[in-house]
Amino acid sequence: MKTSTRSWLYALMFPSVYAAARLFFRRFKVIGAENFPKGKNPAIVVSNHQNALMDPLICCLTAPKQMHFLTRADVFKTPVSRKCVLELNMMPVYRTHDKVDDMSGLNKMTFDVAIERLHNGAAVGIYPEGNHGNKKILRPFKKGLARLLESAGQKYADLKSIEIVAVGIDYSNYNNARTDTTVVFSQPFRVDDILFSDMEAPVRYRLVMERIRQKLSEVMIDHASDQYYTLRLAEALVANHADWKWKKRVLDTIRDSEKITERQEQEMKAIDHLLGENGLEQIDWVRLSRHDRPNVLVTIIAVLIALPSVIIYGLPWQMILGLTKKVVKDPHFNSTFKLVFSWILFPLWAILVGLLLHTTAGYNFFMSVAAVTLCGVVSLPFLDIIALRKRYHRAKKLAHTSSENYAIWKGHAEQMENIIKAI
């Protein structure tokens, strides 16, 4: 593995992947990126891990310089994938279930490379949870990060006081396209006062990880509670609020309060599952209760503008959904593969349609490709309006057929809104 801090393949792919991600997500909000260490100053980046390969991709697209990630070893299995991901600054981390000889030796080699890259000024990313899960809960940390920090400081004195940046990633829906994503960067912080103190190693590691955990929790939506489903309702109620810090303060206050009963949580869990079985979310009943839907005229205009895009791109999108369903076994990878397939198939489809228009109607090939691409980009917000109206009617139908559940939900929503207003 190389120890340089920049990759030509990373730089080459960045613009097109960034454009694809900005179109894939409806809203893409980045907060605090100016906090990131500048120039050749090294940094350790720690992030929550809810959405498989999408999380490192989001970090790479929002960090001010190229990221280097410690990555699960099964991504490196085939010779082709290994060559590509190594060139994209990724470094393999082996776990027990990988069943490799000399796992400790291989991981030491990876850590040595990561330390050399840090010494050369790289930003190295690691997921201290060691696994991913879609609940907005910060899971227990592994000890590998503390050991990496200690090894780096022991080898190079300047890395003892290396700056750590916590990155909180929040998805309004981790599974689907055209949802909202918020990325929050913390102020850089250090742990050398603990890590290189005179305390016993287990104590030092525990205190280091506690500090990192606290900093990461501060920049993410961390329900950190058994009252998970009621908090999902609270999150939906404040979803459209522009001030992220206020929204987090509200959710943290509700999480830490004693006003949520066990019965309420059980009722909300059942309602959440009912919504999920019908392809809906808490936000859909929130919109229904607030009569938040596009009017008929807006919907008609949206249909007229989006119709050409539906005709042109309907088939490749169905192909993307079919490929994702066939390839993906773990649902945490759904959105990642939808984005990757979109990044590959939609440009190819635009070229194919442009070629067809050129050969059959004599239109300029490049102008045709540009027009087809522009048609898809322009229509996205109008497709969102159509989808919103469809979801509104589905939510209304479910509220009618499950009126008792909707009445219970509405009572909890009103109670929660009163708590939020008091905050």
Exercise. Aromatic ring centroids of His273 and Tyr229 under 6.0 Å?
Worked result: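 Judged by ring-centre distance (under 6.0 Å), His273 and Tyr229 do meet the cut-off.
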For this session: Would you check if the distance from the ring center of Phe333 to the ring center of His132 is below 6.0 Å?
Result: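 Between Phe333 and His132, the centre distance is under 6.0 Å.
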Can you give me the closest heavy-atom contact between [X] and [Y], atom names plus distance?
X	Y	result
Gly32	Phe185	O-CB, 3.2 Å
Pro331	Tyr174	O-CE1, 3.9 Å
Ala399	Leu288	CB-CD2, 3.7 Å
Ala123	Phe36	CB-CZ, 3.7 Å

Would you give the length of the straight line joining atom [atom1] of [X] to atom [atom2] of [Y], rounded to the nearest 0.5 angstrom?
X	Y	atom1	atom2	result
Trp8	Met13	CH2	CE	9.5 Å
Gln187	Asn35	CD	CG	4.0 Å
Ile126	His68	CD1	NE2	14.5 Å
Ile221	Gln50	CD1	CD	9.5 Å
Thr360	His358	OG1	NE2	10.0 Å
Arg255	Leu251	CZ	CG	9.0 Å

Main chain of [Y], side chain of [X]: is a donor-acceptor contact present, judged purely on distance under 3.5 Å?
X	Y	value
Lys136	Asn134	no
Lys29	Ala242	yes
Gln227	Ile260	yes
Lys338	Asn176	no
Ser151	Leu148	no
Arg178	Leu23	yes

Could you check whether the rings of [X] and [Y] sit parallel, tilted or perpendicular, using 30° and 60° as the cut-offs?
X	Y	value
Phe341	Phe337	tilted
His49	Tyr127	parallel
Trp285	Tyr406	perpendicular

Can you tell me if [X] has over 12 outside heavy atoms packed within less than 6.0 Å of its [atom1]?
X	atom1	answer
Lys2	NZ	yes
Lys143	NZ	no
Tyr363	OH	no
Lys245	NZ	no
Glu262	CD	no
Arg6	CZ	no

So, [X] and [Y], do they make that salt bridge, N to O below 4.0 Å?
X	Y	answer
Lys248	Asp170	no
Asp284	Arg394	no
Glu267	Arg263	yes
Lys410	Glu414	no
Arg190	Asp192	no

Exercise. Is it the case that Gln66 and Asn89 place a side-chain donor and acceptor less than 3.5 Å from each other?
Worked result: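 A donor-acceptor contact under 3.5 Å links the two side chains.
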Exercise. Taking atom types as modelled and ignoring hydrogens, do the side chains of Asn51 and Ser335 form a donor-acceptor contact shorter than 3.5 angstrom?
Worked result: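 Yes, because at least one side-chain N or O of Asn51 sits under 3.5 Å from a partner of the opposite role on Ser335.
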Exercise. Given the rule in the salt bridge (charged side-chain N to carboxylate O under 4.0 Å, His left out) test, do Arg232 and Glu281 qualify, once you have shown the distances and angles that lead to the verdict?
Worked result: CA-CA 9 Å; Arg232 288 183 68 170; Glu281 303 171 52; 5.6 Å; no
Exercise. Do Lys215 and Phe189 meet the cation-pi criteria used here (NZ or CZ under 6.0 Å from the six-membered ring centre, within 45° of the axis)?
Worked result: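 Geometry flag: set, cation within 6.0 Å and 45°.
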N/O donor to acceptor pairs below 3.5 angstrom from side-chain atoms of residues 294-307, sequence neighbours left out:
from   : atom 1 : to     : atom 2 : distance (Å)
Asn295 : OD1    : Leu297 : N      : 3.2
Asn295 : OD1    : Val298 : N      : 2.7
Thr299 : OG1    : Asn295 : O      : 2.9

Exercise. Which is it for Leu195 and Tyr205 under the side-chain contact (heavy atoms from CB on, under 4.5 Å) test, yes or no, and what are the steps along the way?
Worked result: CA-CA 7 Å; Leu195 191 58; Tyr205 291 166; 4.2 Å; yes
